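Remember, predicted model here, so these are calculated numbers, not experimental data. A, B, ... follow the sequence lines: proteins, then strands. Residue 1 opens every chain.
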Number of protein chains: 4
Amino acid sequence: MEAVTNEGEAAPPKRRRRRKEARPQELLDAAMALFIERGYAATRLEDVAKRAGVVKGTIYLYYADKLALFTAVVEQVIAPLLGEDEQWLTEGVPSDAAPFDRLWLLLERWGERLFHTPLGGLAKLVMAEASNFPEMATVYHDRVIHPAMALVERVIIDGQKRGVFPAALQPKATARLVVAPLLQRSLWLSSFAVVCSEASEALDEEVFWANYRLLLREGLLRRMV
Amino acid sequence: MEAVTNEGEAAPPKRRRRRKEARPQELLDAAMALFIERGYAATRLEDVAKRAGVVKGTIYLYYADKLALFTAVVEQVIAPLLGEDEQWLTEGVPSDAAPFDRLWLLLERWGERLFHTPLGGLAKLVMAEASNFPEMATVYHDRVIHPAMALVERVIIDGQKRGVFPAALQPKATARLVVAPLLQRSLWLSSFAVVCSEASEALDEEVFWANYRLLLREGLLRRMV
Amino acid sequence: MEAVTNEGEAAPPKRRRRRKEARPQELLDAAMALFIERGYAATRLEDVAKRAGVVKGTIYLYYADKLALFTAVVEQVIAPLLGEDEQWLTEGVPSDAAPFDRLWLLLERWGERLFHTPLGGLAKLVMAEASNFPEMATVYHDRVIHPAMALVERVIIDGQKRGVFPAALQPKATARLVVAPLLQRSLWLSSFAVVCSEASEALDEEVFWANYRLLLREGLLRRMV
Amino acid sequence: MEAVTNEGEAAPPKRRRRRKEARPQELLDAAMALFIERGYAATRLEDVAKRAGVVKGTIYLYYADKLALFTAVVEQVIAPLLGEDEQWLTEGVPSDAAPFDRLWLLLERWGERLFHTPLGGLAKLVMAEASNFPEMATVYHDRVIHPAMALVERVIIDGQKRGVFPAALQPKATARLVVAPLLQRSLWLSSFAVVCSEASEALDEEVFWANYRLLLREGLLRRMV
DNA sequence: GATGAATGAGCATTCATTCAT
DNA sequence: TATGAATGAATGCTCATTCAT
């Protein structure tokens, strides 16, 4: 229970150590994990505290109440994303690259996050609690979803200008269609894969990416040669 | 408050007895609406009862406890779907129709449900609560998702056999990719559209269908003429 | 613990009896006793419930929260007093009686209440919590203190008009001076007499009334004969 | 927040060390103000500390716990009163003065305190919390009320011996009757005047004193000339 | 079948108190 | 001496569940 200090020397003071800088983050991590796993209402602050290695009351030193903790969790994940992708797309991706490649790089980047970081779980969480906490949903939409979609739209419009993507596609709607498989797989991972082994087979990542790319590039209809 | 029926004649036992058989269904409807709107934990049985026009205690005459009611709600929506689509696909759709058209008819049918019936809200609900109630998630997966996906898979395989769909596509994965936009739009409708007017614009249904079809058929890359 | 039913016959249903009409009053009585004894904050709802023979949660069937219960207690004592005294003074006391006698009858009446009913304890309670619950203090002032003082003022003015009471006295201020001993004794009974036997001797009721009357009638200075 | 003293010269160690001895008194002042204003239970030690310019924990360097602080506050006000008045009455008031004048000087002196120093608020506090802290009530009674009443009693007895005050008055009871208006007005100031502007009009100090004196001297019944 | 009064376990929140620094 | 992070017991309040009628 008590972290063992395997340093041979002075046996540094353990219990009740002043961790005033680390605490908030530890609490956020614990809270995020539980909120994502169980949802807002089913998460007891006592469990959050226990997981963070403190007692219930300690939480209130850092967050006014449960809702504030919840909001902080959402914002913590939102914050580092702001602008990050935009910069990446501008600087990290050759602007003369083929439009589809630019799009694909972006989707791969997001897939990485959605499938292998808490962001995926958070997306589920936000959707589940959206109607209970409208402001939070609004914030998430405005700061995450909207900018993200805008980014895709720009790539699509660029591709259309270059004559590579069909002009008939409406960028806004297409952007949502294009990312749908990412979000969907992420949600299924968070929901069914955990509880249902059958589901997880069907979500094999490699296969997913291969088919996703194929379908996205060329659609269902076979090209005539 | 309650309209009194003080008619001297036959004194038809309306209000009271009329509903005896309807009670369970009324409770289910009320519960579904609230579960979908607020989630499992945030739904109080007292509110369910009030909406159904009965008292809290009455619920327990029909359902063992809150979880049983929840399960019944999920199953109630699942039940009528079982086999229905399968039959429809066999009988209602010309088997000699073009594979893409068969697929498209199926997707339109599901879109109708997801966008305009409680099924959409239920999908959100199930995902949100999946980790809290694994058995329910399993049931939903086995009875709804799995058969549905199997249906799409068959259409895809059929299209491949006829040489219309690319043989390179793995049917299982492709099925999920193909329906992702439907589920995604449904989830967004349930989550963000309610609270964020900006979001709802971007989800215009007609535009959605047009672009969905276009993208699905031909993909992003322009066909050479 | 369980009240024994010493009736020889049918052993009437005891536990969980429907007392829907009696409950609120039982709760109010219990609450009043504890609020008066311990003050607002020091009174735990669990104790109120226990004294009323129910559990904590039951209180919330009748009162929204602790404050509502508190307010109800105050109002319950206030309510029956409204207008009662006024009527009594008009009807019950001969209007041709000597002004001092009319005043004295009124004071005796109030003394009876303050010394031998919960009203005395309530006065202490209201004063102690006035700054914490200003609205309650206002209500108490407007409904109890103000009308009561107005009553005394009228008697005084009447006495002045008849040339019995000195015209130099300002009725409003005199009214307060006249009742001060009543309130004071009541407060001391609630505060010190309970905890300090020495104090209680000094508050002997008969002696109090005799000296009160003497002092009030004739003042400290001996009358020259 | 805290004004920085960046003077280059002697750098007098003001803020920090200046107060070392003042701390307990500062804490007492802060505590008294809050106890009087809000009552015992509603006063949070954190607020006391904040008002005294220290941290919560610091309080415990000087007082064992909340109750000790409370007791200290009561005693702090009691202490300076002990014997003070007695001496004043002996030395400061001509012993050959008219008995009523001696009494009146004493009452004026007390009125000054009750109306214009924290003593008034403290009286309310003590009464409100008497049943919660019997020992404190006892101390207050023995050290403040009892000596004070004894003082008045002596003046009264003296007046009776000189044939100025009616022999029929019982000194102990009369003493309490005589001071009642002072205490009453003080209590009303602490309770209602703060929250109710109507109440404060009725408590005008000059008018109070004039009528108090008149009533006390001569009573309600007009003297025959 | 239906009611609704009553229950009691459970949770968020507060705050006096402690203690390592 | 002073700090302030941490504690934990206490308490108001909620709500699923029960049961006598």
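Between B/F35 and B/Y40, the ring planes lie parallel to each other; the angle is under 30°, not in the 30° to 60° tilted range.
Rounded to an integer number of Å, the gap from A/D47 CG to E/dA12 P is 9 Å. We find that CD1 of D/I59 is positioned 14 Å from P of E/dC15, with the value rounded to whole Å. Put simply, CZ on A/F70 is 14 Å from P on E/dA12, counting in whole angstrom units. One interatomic measurement links the two molecules: CG of D/L69 to P of E/dC15, which rounds to 16 Å at whole-angstrom precision. Between the NZ atom of A/K66 and the P atom of E/dG10 there is a distance of 15 Å, rounded to whole Å. Look at CG on A/L61: it is 17 Å from P on E/dT17, rounded to the nearest Å. One atom, CG of C/D65, and another, C1' of F/dT14, lie 13 Å apart when rounded to the nearest Å. C/K50 has its NZ atom 17 Å from the C1' atom of E/dA6, to the nearest Å.
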Dot-bracket encoding of pairs in DNA chain F, which uses [ ] for pseudoknotted crossings and | for another strand, Watson-Crick or G-U under 3.5 angstrom: .||||||||||||||||||||
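Nearest heavy atom pair, residue A/K124 against residue A/E37, reads NZ-O, 4.4 Å. Minimum heavy-atom separation, C/A68 to C/A64: CB-N, 3.9 Å.
Contact annotation for A/L45: backbone-only contact, meaning every heavy-atom pair under 4.0 Å involves sugar-phosphate atoms and none involves a base.
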Side chain to side chain contact (heavy atoms under 4.5 Å, CB included) evaluation trace for D/K66 with D/L45: CA-CA 7 Å; D/K66 194 184 184 183; D/L45 287 190; 4.0 Å; yes
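Each of C/Y60 and B/E46 was assigned the nucleotide of DNA chain F with the nearest heavy atom; the assignment lying further toward the 5' end belongs to C/Y60. Along DNA chain E, the nucleotide closest to C/G57 and the one closest to A/L67 are compared, and the more 5′ of them pairs with C/G57. In terms of position on DNA chain E, the residue among A/R44 and C/V55 whose nearest nucleotide sits closer to the 5' end is C/V55.
Residue C/T58 places its side chain closer to E/dA6 than to any other of E/dA6, F/dT7, F/dT3. The listed nucleotides are F/dT11, F/dA6, E/dA5; the one nearest the side chain of C/Y62 is E/dA5.
Not one N or O on the side chain of C/T58 forms a donor-acceptor pair closer than 3.5 Å with the backbone of C/V54.
The residues B/D47 and B/R38 are annotated as salt-bridged, a charged nitrogen and a carboxylate oxygen being separated by less than 4.0 angstrom.
C/R23 has no side-chain polar atom (N or O) that falls below the 4.0 Å cut-off from OP1 or OP2 of E/dA5.
Side-chain to base pairing of D/K56 with F/dT3: no donor and acceptor N or O lie closer than 3.5 Å to each other.
Judged as a ring-ring contact (aromatic ring centres under 6.0 Å, His included), and not counting sequence neighbours, D/Y60 has no contacts.
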